[in-house]
*Asks:* 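A single structure is presented below for examination.
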Amino acid sequence: MPTLTVTKRLAAPPDAVWDVLADFGNVGWIPGPSDVRVEGEGPGMRRFIAASSEKPVIETLIWIEPDERALSYEIANNPMPVSRFVAVNTVSESADAPGESTVVWDIDYEPIGDDAAARDAMEAVYGLMAGWVQDFATARETR
């Protein structure tokens with residue numbers, strides 16, 4: 001299966017960014033969806049995010065390692081053109097920008113149709129997400 005790594009530098013401290021991403025049941029950092037339902041806690045928990053389609057996007061936390069600032073999740077009913085999607089998400093301090101974060105999504109996926117279209121969609125979505133996480137983490141830090 002193909003893999004893709006998306007790496008973004010965020011102008012927010014790694015602990016603040018990790019706090020946003022590790023709170024898996026809280027997607028208040030995503031603009032738009034107000035209909036989010038969470039089932040369970042810890043690994044195995046699922047968040048159902050209502051989207052523009054009739055089926056919610058279902059994200060399942062596979063594992064989380066807080067000391068490593070790493071987690072893995074799977075997405076079902078994915079709006080991107082993929083039939084399988086598993087990501088490992090890590091947060092670290094940027095080597096070239098102390099006090100800032102490097103966020104990495106290592107994605108294992110199966111494209112539906114054209115692989116280039118799937119890769120472009122994932123790059124675009126995770127680019128947006130990185131900005132949302134940065135804004136939310138920065139806002140939390142200033143409170």
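Every value quoted in this text rests on a predicted model; they were computed, and no experiment measured them.
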*Asks:* Is there a side-chain contact between Leu71 and Leu61, using heavy atoms and a 4.5 Å cut-off?
*Replies:* yes

*Asks:* What is the distance from atom CG of Asp108 to atom CD of Glu74, rounded to the nearest 0.5 Å?
*Replies:* 10.0 Å

*Asks:* Can Met45 be reached from Ile58 by stepping across I, L, V, M, F, W or Y side chains whose heavy atoms are under 4.5 Å apart?
*Replies:* no

*Asks:* Give the C-alpha distance, both sets of side-chain angles, the deciding distance and a yes or no for side chain to side chain contact (heavy atoms under 4.5 Å, CB included) between Val17 and Val103.
*Replies:* CA-CA 8 Å; Val17 170; Val103 180; 3.7 Å; yes

*Asks:* Without swapping roles, check the side chain of Glu93 against the backbone of Gly99 for a donor-acceptor pair under 3.5 Å.
*Replies:*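 Judged by distance alone, yes, a pair lies under 3.5 Å.
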
*Asks:* To the nearest 0.5 Å, what is the distance between CG on Asp114 and CZ on Arg119?
*Replies:*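 The CZ atom of Arg119 is 11.0 Å from CG of Asp114, to the nearest 0.5 Å.
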
*Asks:* Going by atom types only, do Ser94 and Thr102 share a side-chain donor-acceptor pair under 3.5 Å?
*Replies:*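 The answer is yes; a qualifying pair exists.
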
*Asks:* In sequence, state the C-alpha distance, the side-chain angles, and the governing distance for Val86 and Ser72, and then conclude on side chain to side chain contact (heavy atoms under 4.5 Å, CB included).
*Replies:* CA-CA 7 Å; Val86 176; Ser72 179; 3.9 Å; yes

*Asks:* Around atom CD of Glu68, are there more than 12 heavy atoms from other residues, nucleotides or ligands closer than 6.0 Å?
*Replies:*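 Open: at most 12 neighbouring heavy atoms sit under 6.0 Å from CD of Glu68.
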
*Asks:* To check you understand the geometry: which heavy-atom pair defines the closest contact between Pro111 and Asp115, and what is its length?
*Replies:* CG-OD1, 3.6 Å

*Asks:* Supply the atom-to-atom distance Arg47 CZ to Thr60 OG1, rounded to the nearest 0.5 angstrom.
*Replies:* 9.5 Å

*Asks:* Contact between Leu21 and Val91 at the side-chain level, heavy atoms closer than 4.5 Å - yes or no?
*Replies:* yes

*Asks:* How long is the gap from CE on Met80 to CD on Glu123, to the nearest 0.5 Å?
*Replies:*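 So the gap between those two atoms works out to 11.0 Å.
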
*Asks:* Kindly give the heavy-atom pair with the smallest separation between Ala87 and Ile107, and that separation in Å.
*Replies:* CB-CG1, 4.1 Å

*Asks:* Give the cluster check for Trp63 versus Ile75: same hydrophobic cluster or not, with ILVMFWY residues linked at side-chain heavy-atom distances below 4.5 Å.
*Replies:* no

*Asks:* Can you list the residues that meet the ring pair (Phe, Tyr, Trp, His ring centres under 6.0 Å) rule with Tyr126, with sequence neighbours excluded?
*Replies:* Trp105

*Asks:* Tell me which donor-acceptor pairs under 3.5 Å the side chains of residues 2-14 have, and how far apart each pair is, sequence neighbours excluded?
*Replies:*
unit_1: Thr5; atom_1: OG1; unit_2: Asp106; atom_2: OD1; d: 2.7
unit_1: Arg9; atom_1: NE; unit_2: Glu100; atom_2: OE1; d: 3.0
unit_1: Arg9; atom_1: NH1; unit_2: Asp96; atom_2: OD2; d: 3.3

*Asks:* Should Val57 and Tyr109 be regarded as members of a common hydrophobic cluster, given that ILVMFWY residues are connected when their side-chain heavy atoms come within less than 4.5 Å of each other, either directly or indirectly?
*Replies:*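 Yes.
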
*Asks:* Do Val88 and Phe85 belong to the same hydrophobic cluster, where Ile, Leu, Val, Met, Phe, Trp and Tyr are linked whenever their side-chain heavy atoms lie under 4.5 Å apart, directly or via other members?
*Replies:*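 Each belongs to a different hydrophobic cluster.
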
*Asks:* Does Val104 share a hydrophobic cluster with Met129, counting links as ILVMFWY side-chain heavy atoms below 4.5 Å and allowing steps through other members?
*Replies:* no

*Asks:* Any side-chain heavy atom of Ile30 sitting closer than 4.5 Å to one from Trp132?
*Replies:* yes

